[in-house]
Amino acid sequence: MANTQPNPTTLFPILPPPATGLARLAADATHVADGHDITFRALETRSLLNKSISRRQLSLAYSINPYRGCEFACRYCYARYTHEFLQPSPIPDVPDQPQPWATAFEREIYLKENAPWLLEQELRKLDPREEIALGTATDPYQPIERTARITRSILEVFARRSGYRLGIITKSKLIERDIDLLQQIAARNTLVLHITITTPDTELARLLEPRAPRPDLRFQAVANLRAAGLTTGILCSPLLPGITDNAHALDRMASRAASANASFFAAEPLFLKSCSRPTFLSFVREHFPKLASDYENRFASEGSAFATPAYREHLRRLVLQACRNHRLTPRSTDALLTRDVGPPRKAAASAFAPQQTRLFA
């Protein structure tokens, strides 16, 4: 007999279709806590390891993100689109206006449940030679990690294993909390830590990355991690056209990296996905109005989200020169590789002394 049950979306066309997949899991997520204009929810998670596919041709195999969303609210963040999958239905695009899910990325943070148990199961099926990157679409050490401790629980899993290749990226000095586990992991696995420092200028950093720790605290974290014997380098990414993409700015950054005894130094150009374009262009119009037309022309369409080959080559040469000036190991990519980090640098206590550097007027 044919199904005679009424279809609620037919009888009541104003009702949205029922959520499925990630959107259903997000709708069922239980409230955990509230922060400053931030809501935290526990998200049922079916898998922790994600196979990475990158249009930037980054050589990543697998990624782990303990959270969905990020409190740091970086204006250029390319990962805002991940909240789109939590919506029950598509939302029409409005040119130069951020989508609701794009702004929710920094205001609705989802905590992945059962992360260590899931990781234990999935690592059994993974070739240890595959590279794993922790923190590609969310910062694993954002403030909620102080109490949620999901990242630490993931590190505890790796500390019990041998032969794996793990890269970690963060903007937070909270990573210093886990030096004990990081040392255990490094003793039996290949571990490379990446601290992102976009600029040493505190004022500019506060505008770009409103809730991330100050740059001087990040430089000090690099020095402390190096003193603990851990391979730790600096990602000066993204380089912002007309703001931080010049030889002087890169040289000052490389100088600070050398003072912190960084294992390596890398910098890559800004790429602006459609999900982050409205937020970042609004930042430019407000704080660098003279550059607004240039940015709008550079990133006029989705196809222009990535830097041109000529511009990339220009920046590559600037970065290499800055590394030569300060005897730093360059990286050929900003991928979270555990390879291509150069010979080990002496892990001695650094003479690093925080200082304020202004790179813009």
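Computed from a predicted model, the values in this text were never measured in an experiment.
Side-chain contact between L174 and T151: absent, with no pair of heavy atoms (C-beta onward) separated by less than 4.5 Å. F158 is listed as a side-chain neighbour of L123, based on a closest heavy-atom distance under 4.5 Å. Counting heavy atoms from C-beta outward, I38 and I144 have side chains that stay 4.5 Å or more apart. Annotation: side chain of L43 is not in contact with side chain of L111 (no heavy-atom distance under 4.5 Å). Counting heavy atoms from C-beta outward, L235 and I195 have side chains that stay 4.5 Å or more apart. Looking at heavy atoms from C-beta onward, L49 lies in side-chain contact with I64 at the 4.5 angstrom threshold. Residues L239 and E268 have side chains not in contact (no heavy-atom distance under 4.5 Å, counting atoms from C-beta outward). Taking the side chain as every heavy atom from C-beta outward, I154 and P66 approach each other to under 4.5 Å.
Two different hydrophobic clusters hold L217 and L193 under the rule that ILVMFWY side chains link at heavy-atom gaps under 4.5 Å. Both I197 and L315 belong to a common hydrophobic cluster when Ile, Leu, Val, Met, Phe, Trp and Tyr are linked at side-chain heavy-atom distances under 4.5 angstrom. In terms of hydrophobic clustering, with Ile, Leu, Val, Met, Phe, Trp and Tyr side chains grouped at heavy-atom distances under 4.5 Å, L270 and L281 are assigned to a common cluster. At a threshold of 4.5 Å between side-chain heavy atoms, the hydrophobic network of Ile, Leu, Val, Met, Phe, Trp and Tyr places Y311 and L320 in two separate groups.
For the residue pair P140 and I168, the shortest heavy atom distance occurs at CG-CG2, 4.5 Å. In this structure, T136 and I169 approach most closely via the heavy-atom pair N-CG2, 4.4 Å. Of all non-hydrogen atoms in K112 and N65, the two that sit nearest each other are NZ-O, 2.9 Å. In this structure, P116 and S153 approach most closely via the heavy-atom pair CD-OG, 3.5 Å. Of all the heavy atoms in P241 and L291, the pair that sits closest is O-CD1, 3.9 Å. Closest heavy-atom contact between V319 and A267: CG2-CB, 3.7 Å.
In this structure A212 satisfies the side-chain contact (heavy atoms from CB on, under 4.5 Å) test together with F72, K171, E209, R218, sequence neighbours excluded. In this structure Q183 satisfies the side chain to side chain donor-acceptor pair (under 3.5 Å) test with no other residue, sequence neighbours excluded. For R146, the salt bridge (charged side-chain N to carboxylate O under 4.0 Å, His left out) criterion is met by no residue, not counting sequence neighbours. Annotation: side-chain contact (heavy atoms from CB on, under 4.5 Å) contacts of A221 (sequence neighbours excluded): K173, E176. Under the rule for a side chain to side chain donor-acceptor pair (under 3.5 Å), E71 has no partner lying at least two apart in sequence or in another chain. Under the salt bridge (charged side-chain N to carboxylate O under 4.0 Å, His left out) criterion, R165 pairs with E131, sequence neighbours left out. Under the salt bridge (charged side-chain N to carboxylate O under 4.0 Å, His left out) criterion, E130 pairs with no residue, sequence neighbours left out. By the side-chain contact (heavy atoms from CB on, under 4.5 Å) test, L118 is found to be paired with T45, L48, E122, residues two or more places apart in sequence or in another chain being considered. Listed by chain and residue number, D251, Q321 satisfy the side-chain contact (heavy atoms from CB on, under 4.5 Å) test with N325 (two or more places apart in sequence, or in another chain). Checked against salt bridge (charged side-chain N to carboxylate O under 4.0 Å, His left out), R327 has no partners two or more places apart in sequence or in another chain. In this view, Y295 and F280 satisfy the ring-ring contact (aromatic ring centres under 6.0 Å, His included) rule, not counting sequence neighbours.
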Practice problem: Evaluate the criterion side chain to side chain contact (heavy atoms under 4.5 Å, CB included) for residue pair R316 and L318; output intermediate values, then yes/no. | Solution: CA-CA 5 Å; R316 187 187 72 83; L318 292 181; over 6 Å; no
Practice problem: Starting from the C-alpha separation in whole Å, work towards a yes-or-no answer on side chain to side chain contact (heavy atoms under 4.5 Å, CB included) for N261 and V222. | Solution: CA-CA 8 Å; N261 195 29; V222 173; over 6 Å; no
Practice problem: Apply side chain to side chain contact (heavy atoms under 4.5 Å, CB included) to E296 and R285, showing your working. | Solution: CA-CA 10 Å; E296 288 168 2; R285 285 191 290 267; 3.1 Å; yes
Quiz item: Given the rule in the side chain to side chain contact (heavy atoms under 4.5 Å, CB included) test, do L204 and I243 qualify, once you have shown the distances and angles that lead to the verdict?
Solution: CA-CA 10 Å; L204 176 57; I243 304 173; 3.9 Å; yes
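Between F264 and H194, the distance separating the two ring centers is shorter than 6.0 angstrom. Here F271 and Y78 bring their ring centres to under 6.0 angstrom of each other.
Using a 3.5 Å distance cut-off with no hydrogens or angles, the side chains of T198 and Y76 do pair a donor with an acceptor. Donor-acceptor pairing under 3.5 Å is recorded for the side chains of Y141 and D178. For Q142 and T138, the side-chain atoms include at least one donor-acceptor pair closer than 3.5 Å.
Here the side chain of S276 pairs no donor or acceptor atom with the backbone of L272 at under 3.5 angstrom.
With salt bridges taken as basic N to acidic carboxylate O contacts below 4.0 Å, one links R160 and E120.
Annotation: cation-pi pair R256/F219 present, NZ/CZ under 6.0 Å from the ring centroid and within 45° of its normal.
Within the structure, salt bridge (charged side-chain N to carboxylate O under 4.0 Å, His left out) pairs that include any residue of residues 180-196 comprise R152-D180 (at least two apart or interchain).
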